[in-house]
Amino acid sequence: MIYFDHNATTPLDDRVLDAMLPFLTTFYGNPSSLYRHGRVAGSAIDAAREQLSALLGVQTGQIIFTSGGTEANNLALATLAPQAGLAVSAIEHPSVIEPALHLKSQGHELTLLNVGTNGLITQDAIDKVIRLKPGLVSIMLANNETGVVQHVAHYADQLRAHGIKVHTDAVQALGKIPVNFNRFGTHLMSLSSHKIYGPKGCGALVFEKSVEIKPILLGGGQEQGFRAGTENVAAIVGFGKAAELAKTELAERHAYLLKLRKLLEHGLSAIPGLTIFAEQAERLPNTVQMGIHGIDGEMLLMQLDQKNIAVSSGSACASGQREPSPVLVAMGIEPAAAKSAIRISLGKTNTEAEVIEFIKQLTSLTIK
Ligand SMILES: Cc1ncc(COP(=O)(O)O)c(C=O)c1O
């Protein structure tokens, strides 16, 4: 199979699996237990926290392990939004949009920040939100569909100057571009393990110490009392190992993915009627979202699947009706063009030969 859907999830790195296995077998103790068997598990969590904090340039006490990016986003919004309404960009992942809509249904003011056709949040949107002064602004670092990288440091600077708290969903950016927490200047940042060759069901919320976290899961005192529940030790160990590898291999992965993406885009440029969405914007080195005039994205996805090639389409199914991608619609792309979208997201184990084979198959399916 040619797997080109790494923004959906990544395969587990063998080295990550090796690090995890002892905690699924021999060392099954509860990290809260005081005897040695529990302390071994507790120390493994401490080590994982060190590994992740080294990747992000933060102190270990600034990390809350969660069940994934979704929980980290929910925790971020629950922590900051209730103070004075919230604003989120129109292209956020559903794990930000849905809790934002939930807060709105409970009476909190919700503002959506617009983006331009290049997928970037406009200065007008930032100016407007500064006038509104919400308790929280949430702006993703990199978009899961287009790969567009937002100027988060620049926005956070302006918002902070007006006393507005900022959260960024860095789930797609982590491991693909440098993600140093302090460089972006946000108060909160969400991360997920399974996008960086770690296990699914594990993530983290990183927080500036001035922020008073409001837990959404109540119970035991795990994670400084901010996230109750017995820790998923093996998954956290895997996330830590994946973070360590992402740190040491980041430059190499970035250069390799960019090389593959350029090869891919060169091949795509020969296909008539093909558009790469947000082509001119700074994008993740692994992501290309494209559409071909007159060709339905989901149909193309199914045809590629028959050739054993896995990509994703931008459309979402709402009440039995296929809707164009809200991200592309927010960018002002016509619904028909948005419905043609497919997303190719490359990974570190993909090869040039796979890219060439993909172009060959795509060409034969779309040029009659
Ligand atoms: C931008 C973004 N945020 C959040 C998430 C949710 O992360 P998780 O799958 O770990 O809940 C995803 C997953 O696709 C994502 O792409």
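Both ligands and their constituent atoms are indexed starting at 1 by order of listing.
In this structure, ligand 1 sits under 4.0 Å from heavy atoms belonging to Gly68, Gly69, Thr70, Asn73, His93, Ser95, Met140, Asn144, Asp169, Val171, Gln172, Ser192, His194, Lys195.
In the model, Thr60 has no side-chain atom that pairs as donor or acceptor with a side-chain atom of Asp46 under 3.5 Å. Neither side chain, Ser190 nor Asp169, offers a donor N or O lying under 3.5 Å from an acceptor on the other.
Remark: Thr351 OG1 to Leu346 CG distance equals 10.0 Å, nearest 0.5 Å.
Taking every heavy atom of both residues into account, Met140 and Gln150 meet most closely at O-CG, 3.2 Å.
In the hydrophobic clustering (ILVMFWY side chains linked at under 4.5 Å, chained through shared members), Tyr3 is joined by Met1.
Within the 6.0 Å centre-distance limit, the rings of Tyr28 and His37 are counted as a close aromatic pair.
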